[in-house]
Amino acid sequence: MPEGDSLRRTAARLQVLVGERVEAEAPHPRAAATGVAAAVDGKVLESVEAVGKNLLLRFEGGVTVRSHLRLSGRWRVEPRGTGRAGRPWLVLRGGAWEAVQWNGPLLSLAGEAAVRRLGPDVLADAVDVGELAGRVRAAGPERPLGEVLLDQRVLAGIGNLWMAESLHRACVSPFLTVGDTTAAELTLALETARGLMRASIAGRRPGRAVYRRSGRPCPRCGRTVSGCGLGDANRTAYWCPGCQRGPASG
C-alpha cells in the first residue's frame, strides 16, 4: 500500500497540471459512477496536496477530489495523448500533460470531510513529535504499538513498511503494548519513521531490515525475522524476536 512518502512524490509529479483547465474522463464504469470526472471536467486544478495516505486535488469552485490508492492504485503522469490499453479510473488532461489514475479503488468528492477525520500528518513541516507521542498514548495503553501507528485516526501517513522499519530501529516489537513502551522508545520510533519517510521523499530510500523479510536473518542480530497478523485488520507485521523488545505475537 502506498504510504505517506509515496503520496508526497505523487503530489509533486501532479504539479505540472496545477493552474490548467483540465479535461476529465472516467473510462472505468465504477469510477464513472462516482461522478468525479463529471464534477471536475473543464475546471481549473488549483492545487494538489498529500495528506497522510490521501491525495487531495482541489479545483475551482470549491470542488475537492480525494484519491486513496489502497493496495493496488497508482497515478502516472504522461505526455498528453500517450496511448494505453485498459480502463483507468480517472484521466485529467492539460495542455501538454495528463494524469492517469489506475486501479482505484477510492475516488470521492468528499475530500475535505475525510481528511478532517485523520490524525496529524507525520510528514507535516510543523509536526511536533511530542504531540504525536501524546496521541499514541491516548489511543489506549492496552493496544499494540504497531496497530496504533497504523491507525490513521491517530497519525496519518505511516503504513506497514515504515511501521516495521521504524520499530526495528527502535528495538521494540509491534506487539508491545502502548502502556509498556517507554517514552524514549516511542520518541525514537516516531522520529525514525518521520526521518525514514522524509529520506524516501528525497530519493534516499534505505534498505529493508525486516519488512517482507520473514524467514530471513535479521541484519542486526542474525535471528530469523518473523511475520504475523496484527490487530483487527490482521495486517502483517514484520519484526525480529531476537532484538526487538516485547511479545513475539499478539
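From a predicted model like this one, the values you see are computed outputs, not experimental measurements.
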Heavy atoms of Leu145 and Val178 approach each other most closely as CA-CG2, 4.1 Å
_Could you see if Val44 belongs to whatever hydrophobic cluster contains Val65? Use Ile, Leu, Val, Met, Phe, Trp, Tyr and a side-chain cutoff under 4.5 Å._
no
message = Between Gln15 and Val48 (side chain of the first, backbone of the second, donor and acceptor by atom type, cut-off under 3.5 Å), is there such a pair?
response = yes
Check: Between Arg235 and Asn160, is any side-chain donor less than 3.5 angstrom from a side-chain acceptor?
Finding: no
- Could Glu49 and Arg58 be called an ion pair, given the rule that one side-chain N must be under 4.0 Å from one carboxylate O? yes
Closest non-hydrogen contact found for Ser67 with Gln101 is OG-CG, 4.2 Å
Taking side chain as C-beta onward, heavy atoms only, is Arg245 less than 4.5 Å from Ser173? no
Is there a side-chain contact (heavy atoms from CB on, under 4.5 Å) between Arg66 and His68? Walk through the geometry before answering. CA-CA 7 Å; Arg66 174 195 177 206; His68 193 298; 3.8 Å; yes
Item checked: Residues Asp121, Arg8: salt bridge by 4.0 Å N-O rule -> yes
The complete set of ring-ring contact (aromatic ring centres under 6.0 Å, His included) pairs with one or both residues in residues 27-65, sequence neighbours excluded, reads His28-Trp89
Donor-acceptor pairs are to be reported for all side-chain atoms of residues 79-86 against protein atoms at under 3.5 Å, with residues two or more places apart or in another chain.
unit_1	atom_1	unit_2	atom_2	d
Arg80	NH1	Glu23	OE2	3.4
Arg80	NH1	Gly94	O	2.8
Arg80	NH2	Glu23	OE1	3.1
Arg80	NH2	Glu23	OE2	3.2
Thr82	OG1	Pro79	O	2.6
Arg84	NH2	Glu78	OE1	3.1
Arg84	NH2	Glu98	OE2	2.3

Ser200 and Asp5 have their tightest heavy-atom pair at OG-OD2, 2.7 Å
_I'd like to know if the side chain of Glu131 and the backbone of Asp128 have a donor-acceptor N/O pair within less than 3.5 Å._
no
So CG of Leu132 and CD of Glu191: to nearest 0.5 Å the spacing works out to 10.0 Å
So the ring-ring contact (aromatic ring centres under 6.0 Å, His included) pairs with at least one residue in residues 212-232 (sequence neighbours excluded) are none
Single-linkage hydrophobic cluster Val36~Val18, side-chain heavy atoms < 4.5 angstrom: yes
Taken to the nearest 0.5 Å, the spacing of Asn54 CG from Leu7 CG works out to 7.0 Å
**Message:** Test side-chain contact (heavy atoms from CB on, under 4.5 Å) on Val129 and Thr187; report intermediate values, then the result.
**Reply:** CA-CA 7 Å; Val129 173; Thr187 297; 4.2 Å; yes
**Asked** Going by distance alone, is a donor N or O of one side chain under 3.5 Å from an acceptor N or O of the other, for Thr181 and Arg137?
**Response** no
One should read off an interatomic distance between Leu90 CG and Glu25 CD, to the nearest 0.5 angstrom, of 9.0 Å
Closest non-hydrogen atoms of Ala24 and Val40, given as atom of the first, atom of the second and distance, are CB-CG2, 3.7 Å
| Cut-off 3.5 Å, side chains only: do Ser6 and Glu3 have a donor facing an acceptor? | no
Residues 143-152 vs side chain to side chain donor-acceptor pair (under 3.5 Å), sequence neighbours excluded, gives Arg143-Asp151, Asp151-Arg153
Practice task
State, yes or no, whether a side-chain contact exists between Leu190 and Leu149 at a heavy-atom distance under 4.5 Å.
Solution key: yes
- Task: Give a yes or no answer on whether the side chain of Gln244 reaches the backbone of Trp239 with a donor-acceptor pair at less than 3.5 Å.
- Result: no
Contacts satisfying salt bridge (charged side-chain N to carboxylate O under 4.0 Å, His left out) that involve residues 213-231 (not counting sequence neighbours) are none
Side-chain heavy-atom pair Ser226, Ser214 within 4.5 angstrom cut-off: no
Measure the shortest side-chain to side-chain distance between Leu123 and Ile201 over non-hydrogen atoms and say whether it is less than 4.5 angstrom.
yes
- Message: I want to check something: taking the side chain as every heavy atom from C-beta on, are Leu55 and Leu14 in contact at a cut-off of under 4.5 Å?
- Response: yes
Residues Gly119 and Arg135: closest non-hydrogen pair is CA-NH2, 3.6 Å
Between Leu167 and Thr192, is a side-chain contact (heavy atoms from CB on, under 4.5 Å) present by the stated rule, with each step listed? CA-CA 8 Å; Leu167 293 186; Thr192 299; over 6 Å; no
Mind running side-chain hydrogen bond (donor to acceptor under 3.5 Å, both in side chains) on Ser166 and Arg169 for me, showing each step along the way?
CA-CA 5 Å; Ser166 62; Arg169 294 198 181 197; over 6 Å; no
Quiz item: So, the side chain of Arg194 versus the backbone of Ala124: is there a donor-acceptor pair under 3.5 Å, distance only?
Solution: yes
To the nearest 0.5 Å, atom CD1 of Ile158 lies from atom CE of Met197 at 6.0 Å
| said: side-chain contact (heavy atoms from CB on, under 4.5 Å) for Cys240 and Cys221? Distances and angles first, verdict last. | reply: CA-CA 9 Å; Cys240 174; Cys221 74; 3.4 Å; yes
Does some side-chain heavy atom of Pro174 sit less than 4.5 Å from a side-chain heavy atom of Tyr238? no
- Check whether any side-chain heavy atom of Cys171 lies under 4.5 Å from a side-chain heavy atom of Cys243, and answer yes or no. no
> Taking NZ, NE, NH1 and NH2 as the nitrogens, is one of them in Glu20 or Arg93 under 4.0 Å from a carboxylate oxygen of the other?
Replying inline: no
Q | Val148-Leu188 co-clustered via ILVMFWY side chain contacts under 4.5 Å | A | no
Cluster membership besides Val91, Ile/Leu/Val/Met/Phe/Trp/Tyr side chains within less than 4.5 angstrom, sorted by chain and number, is Val100, Trp102
CG (Leu17) and CG (Leu57) are apart, to the nearest 0.5 Å, by 9.0 Å
In short, Leu107 meets Ala31 closest at the heavy-atom pair CD1-CB, 4.4 Å
